[in-house]
Amino acid sequence: MSAGQVPRDYYDVLGVTREAGETEIKKAFRRLARELHPDVNSHDPDAEDKFKEAAEAYEVLSDPERRATYDRYGHEGLRTGGYAPNFEGFGSVADIFEAFFGGGAFGGGGFGARRPAGPIQGGDVALGADIDLAQAAHGTKVEVAYEVVSTCEHCRGNGAEPGTPIEQCSRCGGTGQLRAVTRTPFGQVMRTATCDVCRGEGRVPREPCKVCDGRGRKVERTKVAVDVPAGIADGQRIRVAGRGHAGERGGPPGDLYVQIRVREDPRFLRDGDDLLTAVDVAAPLAALGTTVEVPTIDGPVDLEIPAGTQPHETLVVRGAGMPDLRGRRKGDLRVVVNVVIPRHLKREQRELLEQLAESMTEHNLRTDDGVFGKLKRAFGG
Ligand SMILES: [Zn+2]
Ligand SMILES: [Zn+2]
């Protein structure tokens with residue numbers, strides 16, 4: 001509502017007739033407030049203004065004297081009668097809600113809603129574990145150790161020393177809630193808070209469990225062996241159901257998530273399910289053809305380098321890569337041939353190379369790819 005705009009009729013704002021009684025007005029306002037609650041209505045940028053408008057209408061119509069003035073003289077009558085809507089001191093719509101409905105209206109249940117008394121699932125635990133590339137290739141088991149909240153076995157989670165009773169909380173009378181009446185600009189409002197003695201349970205043990213101090217839960221160190229499937233990639237998470245923190249009030253436990261970090265292997269780069277490696281081959285051997293030993297994840301194998309292999313040519317060892325996670329196929333090992341040009345030549349070597357150079361013809365040097373193809377190969381294309 002911008003300044004200078006004619007204020008809307010208060011009855012229209014609340015959607016009630018001029019004959020509406022006190023209860024109906026209150027109901028209408030509560031319904032509107034619930035609709036305009038920022039948790040529900042985050043998509044409406046006007047929700048705050050609409051709520052202020054509704055609060056103003058409610059403030060007037062819930063007060064018999066102001067309502068009578070408004071009925072006879074309208075908005076103008078209220079203003080000359082000294083009334084002006086007062087939202088100063090309320091920083092945000094959240095503050096106004098707070099004044100109306102008490103603390104915790106936002107995210108904490110809202111509108112006097114009780115803390116849920118039913119089962120609550122336990123929290124999840126997230127951890128990391130490091131494995132080698134070979135372990136990732138073959139699958140492995142990792143053992144993780146962590147602190148977990150578990151149900152106290154001594155009291156079976158109820159917090160009472162075995163054989164002693166659990167009684168109604170005397171502080172809150174068993175409701176789990178503490179109530180206080182507060183004065184606000186809108187009149188008296190009831191505030192509620194979770195009982196600090198029974199923490200909302202409404203019941204407390206007469207003699208708290210000696211092991212867990214009455215909490216029914218304890219923190220303990222635990223170990224879990226986690227199966228890591230072959231083919232797992234760096235950063236993938238494995239979920240182990242039910243190995244998180246214990247639930248409350250009979251709720252199920254949370255889950256354990258283990259993020260697998262695959263250590264780098266200096267011999268290989270991983271490209272999806274393929275592995276890449278490089279091998280040095282002396283230029284004369286690349287020209288003549290030879291056999292070299294290349295590493296694979298399962299140990300070295302012999303690889304034939306065909307005569308005339310060019311720098312950065314890639315040879316493939318089929319199936320020597322990583323398995324895919326479903327175990328259906330394996331990737332390849334791609335071997336980049338790094339042709340090494342001999343340096344620090346001795347005299348006779350130099351003479352041999354000079355003879356070779358002199359004897360070469362266009363036919364020896366012709367390649368099938370143009371400049372562009374050569375560049376692509378050199379840069380790993
Ligand atoms: Zn206990
Ligand atoms: Zn209590």
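Counting starts at 1 for both ligands and their atoms, following the listed order. Note that these values count all heavy atoms, side chains included, but never hydrogens, waters or copies made by symmetry.
- For the Zn ion (ligand 1), protein N, O or S atoms under 2.8 Å: 4 in total.
- Between Arg203 and Glu167, no side-chain nitrogen of the basic residue sits less than 4.0 Å from a carboxylate oxygen of the acidic one, so the salt-bridge criterion is not met.
- At the Zn ion (ligand 2), the vertex angle linking SG of Cys172 with SG of Cys195 is 110° (nearest 10 degrees).
- Applying the side chain to side chain donor-acceptor pair (under 3.5 Å) rule to Arg31 yields no partners; only residues at least two apart in sequence or on another chain are considered.
- Distance check, rounded to the nearest 0.5 Å: CD of Glu56 to CD of Glu59 gives 7.5 Å.
- Heavy-atom contacts from other residues, nucleotides or ligands closer than 6.0 Å to CD of Glu348 number 12 or fewer.
- There is a side-chain donor-acceptor pair under 3.5 Å between Tyr11 and Asp71.
- Salt-bridge check for Arg267 with Asp265: passed, with a basic side-chain N closer than 4.0 Å to an acidic carboxylate O.
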